[in-house]
Amino acid sequence: KNQVEQSPQSLIILEGKNCTLQCNYTVSPFSNLRWYKQDTGRGPVSLTIMTFSENTKSNGRYTATLDADTKQSSLHITASQLSDSASYICVVSAGDSGYALNFGKGTSLLVTP
Amino acid sequence: GAVVSQHPSRVICKSGTSVKIECRSLDFQATTMFWYRQFPKKSLMLMATSNEGSKATYEQGVEKDKFLINHASLTLSTLTVTSAHPEDSSFYICSAPKPGASPYEQYFGPGTRLTVT
């Protein structure tokens, strides 16, 4: 069964600090892994997409890593801002089309002043 | 970038009535769109795949007669919740892959909050 597990479930950090979110998956056949940011009451917004051959990808203060051998990914947020408070969802696509999405439950991040 | 819109953003309806939610791709044509439901603090759950010009494909456990999907054009898919009940209250989100985008980028709508009283 395809599964995507995220940790921690929730996280509180001070503004300006860094943090790392984890994602472990058992999805086959692997197509790609995405990190999304979802603000409360809004749809998810894509941060990064990585295919099998990519180890790291950055988008501003967000850096995602992928270890396809251990089936782990991380999302590192640098110099956090209050606006980073959101749910961060790891999504792993399976199959040739990449359309079959497997969602993690998300990590709820709260950045405090 | 690609944009997917949804309308309405919030809707409150009485139990037993039907509600229609629209999903539009604003700057690209989408032959396929996806409908999700999300309960508080839970993952998005795929409900169905909407295919332009053909019947939608529903996930196991999703009642096709209750959640009617119509994908009548390349930029519009609608989800109608028929005879809504309080347990249908949820956050409904659509997504669409943009043709030619790499790799397999999907764009999500902003979501529709449905409350059934």
Side-chain angles (χ1 to χ4, degrees), chain A residues 1-11 23 25 27 29-54 57 59 64 66 68 86-110, chain B residues 1-11 21-26 30-51 56-57 59-60 89-115:
Chain A
K1 180 181 178 182
N2 290 336
Q3 288 187 313
V4 179
E5 301 289 340
Q6 289 187 243
S7 62
Q9 184 176 10
S10 61
L11 184 62
C23 174
Y25 63 91
V27 175
F30 176 84
S31 176
N32 57 77
L33 184 146
R34 319 159 191 219
W35 283 93
Y36 286 90
K37 178 186 179 186
Q38 185 178 22
D39 293 311
T40 301
R42 305 292 294 174
V45 174
S46 180
L47 296 175
T48 62
I49 300 176
M50 289 181 291
T51 57
F52 184 88
S53 60
E54 297 175 290
K57 184 163 283 189
N59 178 0
L66 173 64
S87 179
Y88 291 84
I89 305 172
C90 176
V91 183
V92 183
S93 295
D96 294 335
S97 71
Y99 289 170
L101 303 183
N102 298 275
F103 289 82
K105 292 184 178 180
T107 292
S108 179
L109 175 65
L110 176 62
Chain B
V3 178
V4 173
S5 71
Q6 285 185 238
H7 177 80
S9 57
R10 290 176 178 270
V11 59
I21 303 170
E22 294 184 347
C23 176
R24 292 182 185 273
S25 56
L26 297 185
T31 56
T32 301
M33 291 183 174
F34 301 91
W35 286 97
Y36 299 87
R37 179 166 53 183
Q38 186 178 32
F39 292 105
K41 299 186 179 181
K42 298 292 185 182
S43 301
L44 278 73
M45 297 290 293
L46 179 65
M47 298 175 66
T49 302
S50 173
N51 303 297
T57 304
E59 295 300 301
Q60 190 173 9
S89 298
S90 188
F91 193 53
Y92 291 87
I93 305 174
C94 69
S95 73
K98 182 178 182 181
S102 179
Y104 317 117
E105 176 65 277
Q106 283 205 40
Y107 296 89
F108 287 85
T112 296
R113 173 74 60 191
L114 170 64
T115 302

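All chains are named by letter (A, B, ...) in the order of the sequence lines, taking the proteins before the strands, and each is independently numbered beginning at 1. FYI, side chains are in, hydrogens and waters are out, and symmetry mates aren't considered; it's all heavy atoms of this structure.
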Going by side chain to side chain donor-acceptor pair (under 3.5 Å), name the residues that satisfy it together with Ser95(B), two or more places apart in sequence or in a different chain.
Gln106(B)
Give the member of Arg10(B), Lys42(B), Gln38(B) that has the highest number of heavy-atom pairs under 4.5 Å with chain A.
Gln38(B)
Under the criterion side-chain contact (heavy atoms from CB on, under 4.5 Å), I'd like the reasoning laid out for Leu101(A) against Phe34(B): C-alpha separation, chi angles, the key distance, then a yes or no.
CA-CA 10 Å; Leu101(A) 303 183; Phe34(B) 301 91; over 6 Å; no
Heavy-atom pair with the smallest gap, counting every atom of [X] and [Y]:
| X | Y | answer |
| --- | --- | --- |
| Leu44(B) | Pro44(A) | CD2-CG, 4.1 Å |
| Phe103(A) | Ser43(B) | O-OG, 3.9 Å |
| Phe91(B) | Arg42(A) | CE2-O, 3.5 Å |

Which residue pairs pass the side-chain hydrogen bond (donor to acceptor under 3.5 Å, both in side chains) test with at least one member in residues 100-110 of chain A, sequence neighbours excluded?
none
In Å and rounded to the nearest 0.5 Å, what is the OG to CZ distance from Ser46(A) to Phe108(B)?
9.0 Å
For Gln6(B), which atoms come within 4.5 Å of any heavy atom of chain A: side chain, backbone, both, or neither?
neither
Is Gln9(A) close to chain B through its backbone or its side chain, or both, or neither, when contacts mean heavy atoms under 4.5 Å?
neither
For Phe52(A), does the CZ atom have more than 12 heavy-atom neighbours from other residues, nucleotides or ligands under 6.0 Å away?
no
